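Below is the structure I would like to discuss, written out as structure tokens.
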Amino acid sequence: MILLRLAAFEQQLKWTAVGLGIFSTISLVQGWQLAAMLFSLPFCLIWVYCGWLRTEPQLKYLNMMFSALYVYGIARYFLI
């Protein structure tokens with residue numbers, strides 16, 4: 001299964017998520033809404049993946065909800 005093959009990269013993915021989180025926070029402070037959503041979406045997807053690896057359902061489902069909200073926000077940004 002692909003998920004298990006990527007498990008070897010879990011630590012690198014977590015550090016990538018940290019970087020994305022920092023950029024997302026900077027974007028929020030600067031008032032760049034689209035950039036914040038674009039950085040936050042992959043951040044959440046990484047944590048959904050890591051939740052699946054470690055069977056942390058609360059983390060997985062919370063980040064799935066946030067991912068859906070970011071997709072909605074990005075789509076709304078481009079449609080309006």
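Scope of the values below: all heavy atoms of this structure, side chains included, with no hydrogens, waters or symmetry mates. What you see is a predicted model, and the numbers here were worked out from it, not measured in a lab.
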Report summary line: All heavy atoms of Leu13 vs all of Tyr49, minimum pair found to be CD1-CE2, 3.5 Å

Query raised in the report: What's the spacing between Leu62 CG and Gln58 CD if we round to 0.5 Å?
Result: 9.0 Å

Query raised in the report: Do Met65 and Leu59 belong together in a cluster built from hydrophobic side chains that touch within less than 4.5 Å?
Result: no

Query raised in the report: Can you tell me how far OH of Tyr72 sits from CE of Met37, rounded to the nearest 0.5 angstrom?
Result: 10.5 Å

Query raised in the report: Are Ser40 and Phe66 side-chain neighbours, meaning at least one heavy-atom pair lies under 4.5 Å?
Result: no

Query raised in the report: Is Trp15 reachable from Ile26 through a run of hydrophobic residues whose side-chain heavy atoms are each under 4.5 Å from the next?
Result: yes

Query raised in the report: Are Val71 and Leu69 grouped together when hydrophobic residues (ILVMFWY) are joined by side-chain heavy atoms under 4.5 angstrom apart?
Result: yes

Report task. Could you tell me the separation between the CZ atom of Phe39 and the CG atom of Leu20, rounded to the nearest 0.5 Å? Result -> 7.0 Å

Query raised in the report: Would you call Lys14 and Trp47 a side-chain contact if the rule is heavy atoms closer than 4.5 Å?
Result: yes

Query - Beyond-backbone contact of Ser67 with Leu41, side-chain heavy atoms, under 4.5 angstrom - result: yes

Report task. Report whether Phe23 and Ile46 are members of the same hydrophobic cluster (ILVMFWY, side-chain heavy atoms less than 4.5 Å apart, transitive linking). Result -> yes

Report task. Rounded to the nearest 0.5 Å, what's the gap from CD on Gln11 to OG1 on Thr16? Could you check? Result -> 10.0 Å

Report summary line: CZ (Arg76) and CD (Gln33) are apart, to the nearest 0.5 Å, by 9.5 Å

Query raised in the report: Are any side-chain N or O atoms of Thr25 and backbone N or O atoms of Gly21, one a donor and one an acceptor, separated by less than 3.5 Å?
Result: yes

Query raised in the report: When hydrophobic residues are tied together by side-chain contacts of less than 4.5 Å, even through go-betweens, does Val48 share a cluster with Tyr61?
Result: yes

Report task. Take Ser24 and Phe43 through the test side chain to side chain contact (heavy atoms under 4.5 Å, CB included) and record every step on the way to the result. Result -> CA-CA 9 Å; Ser24 175; Phe43 172 88; over 6 Å; no

Report task. Output the distance between atom CD1 (Ile74) and atom CG (Leu38), rounded to the nearest 0.5 Å. Result -> 4.5 Å

